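Notes for the one structure printed next.
Keep in mind that the numbers below use all heavy atoms, side chains included, and drop hydrogens, waters and symmetry copies. Count residues from 1 along the sequence. Note that the structure is a prediction, hence the values are computed from the model and not measured.
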Amino acid sequence: YYLTLNIKYFSEKMKLRIILSALCILSSGTGYANSSQQEKINFVKKVYEDHLNEDLMGIDVLKLHASKELRLLIQKRDAIADRHEGDMCEWVRQVLIPGNDYDVRANKIKYSVLPNGRVRAQAKNFGESFHVDFDVKCDAQGCKITDVYDPGSYRKELISIVKNGTC
């Protein structure tokens with residue numbers, strides 16, 4: 001009887017340890033996910049801060065923060081536009097903030113992580129609401145934009161432009 005009682009007590013104690021260990025593992029995993037999401041949000045905030053920084057006017061901030069593949073597509077698109085100097089290619093447009101001008105302030109942009117892992121930036125430009133979704137990949141070297149959705153894939157749009165090779 002003493003042995004049976006001891007085993008029963010031991011197994012209850014082990015069950016508790018297993019449950020507590022599992023909870024610790026799950027909560028640390030959740031903390032990691034939140035940390036990863038926050039890293040992506042901070043990165044997209046930096047992209048907009050750079051875009052709205054008057055000292056960086058004239059710099060393609062999207063290209064600056066793009067992944068290697070996306071940057072290459074942007075460079076190829078730029079080369080096509082350069083060959084048509086003086087012409088305005090119909091696909092030339094602002095991606096980060098729609099329109100030809102903006103009154104957006106960095107501290108007025110709201111950021112969230114969507115269920116698909118993309119980071120959404122939303123704000124108003126001259127009273128009109130807009131949102132842009134970013135596919136962001138982070139590693140030990142930092143974060144990079146792999147695609148932008150407004151609402152369609154900008155990467156796919158660039159691929160089409162490069163494939164056609166003309167304005």
Side-chain angles (χ1 to χ4, degrees), residues 28-167:
S28 69
T30 302
Y32 175 76
N34 289 339
S35 168
S36 170
Q37 291 175 345
Q38 191 59 51
E39 181 181 16
K40 288 180 178 183
I41 286 173
N42 291 342
F43 171 72
V44 174
K45 278 183 186 179
K46 171 79 170 118
V47 169
Y48 275 96
E49 287 168 1
D50 287 353
H51 185 66
L52 297 170
N53 182 341
E54 290 183 16
D55 294 337
L56 297 177
M57 286 291 198
I59 293 177
D60 187 338
V61 172
L62 181 57
K63 189 182 345 179
L64 181 68
H65 293 289
S67 67
K68 187 176 181 180
E69 178 192 13
L70 188 60
R71 186 174 26 255
L72 184 61
L73 286 168
I74 293 169
Q75 288 170 342
K76 287 180 179 179
R77 179 218 47 203
D78 291 349
I80 293 167
D82 289 347
R83 286 196 305 263
H84 297 275
E85 195 172 327
D87 292 339
M88 183 64 154
C89 298
E90 76 279 355
W91 39 257
V92 173
R93 64 185 179 88
Q94 293 292 323
V95 178
L96 300 179
I97 300 172
N100 295 327
D101 197 10
Y102 52 84
D103 69 349
V104 177
R105 299 291 163 251
N107 63 349
K108 298 291 184 184
I109 302 173
K110 305 271 187 261
Y111 302 92
S112 58
V113 177
L114 302 175
N116 60 11
R118 293 181 188 147
V119 176
R120 174 166 287 175
Q122 55 191 50
K124 288 187 177 191
N125 189 30
F126 293 109
E128 292 229 10
S129 295
F130 74 91
H131 72 267
V132 180
D133 298 341
F134 294 84
D135 193 1
V136 175
K137 300 290 184 237
C138 300
D139 60 23
Q141 284 74 44
C143 297
K144 294 291 181 189
I145 299 168
T146 57
D147 203 352
V148 180
Y149 297 84
D150 70 329
S153 165
Y154 190 57
R155 187 177 70 75
K156 285 182 181 175
E157 185 179 320
L158 290 172
I159 290 170
S160 175
I161 292 167
V162 169
K163 187 177 174 182
N164 290 334
T166 187
C167 249

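- Remark: R93 pairs with D150, E157 by the side chain to side chain donor-acceptor pair (under 3.5 Å) rule, at least two apart or across chains.
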Donor-acceptor contacts, no H, no angles, side chain residues 53-72, under 3.5 Å, sequence neighbours left out:
residue	atom	partner	partner atom	Å
N53	OD1	D55	N	2.8
D60	OD1	L62	N	3.2
D60	OD1	K63	N	3.1
K63	NZ	D78	OD2	3.0
H65	NE2	D50	OD2	2.7
S67	OG	L70	N	3.3
S67	OG	I145	O	3.4
R71	NH1	K63	O	3.4
R71	NH1	A66	O	3.0

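- Among residues two or more places apart in sequence or in another chain, the side-chain contact (heavy atoms from CB on, under 4.5 Å) test is passed with A79 by none.
- Interatomic distance, NZ of K163 versus NZ of K76, reported as 13.5 Å (0.5 Å rounding).
- Looking only at atom types and distance, the side chain of N42 has a donor-acceptor partner in the side chain of Q38 under 3.5 Å away.
- Residues satisfying the side chain to side chain donor-acceptor pair (under 3.5 Å) test with N125, not counting sequence neighbours, are none.
- Among pairs with a residue in residues 95-155, those fulfilling disulfide (SG to SG under 2.5 Å) read C138-C143, at least two apart in sequence or across chains.
- The salt bridge (charged side-chain N to carboxylate O under 4.0 Å, His left out) analysis of residues 122-131, with sequence neighbours excluded, yields no pairs.
- Sorted by first and then second residue, the side chain to side chain donor-acceptor pair (under 3.5 Å) pairs with a member in residues 132-149 read R118-Y149, R120-D133, D135-K137, D135-T146, D147-Y149, D147-S153; sequence neighbours excluded.
- Applying the side chain to side chain donor-acceptor pair (under 3.5 Å) test to residues at least two apart or on different chains, none of the pairs has a partner in residues 106-116.
- One finds the NE2 atom of H51 at 13.0 Å from the CD atom of E49 (value rounded to the nearest 0.5 Å).
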Show every donor-acceptor pair shorter than 3.5 Å between a side-chain atom in residues 94-105 and any protein atom, with sequence neighbours excluded, or say none if there are none.
residue	atom	partner	partner atom	Å
D103	OD1	F126	N	2.7

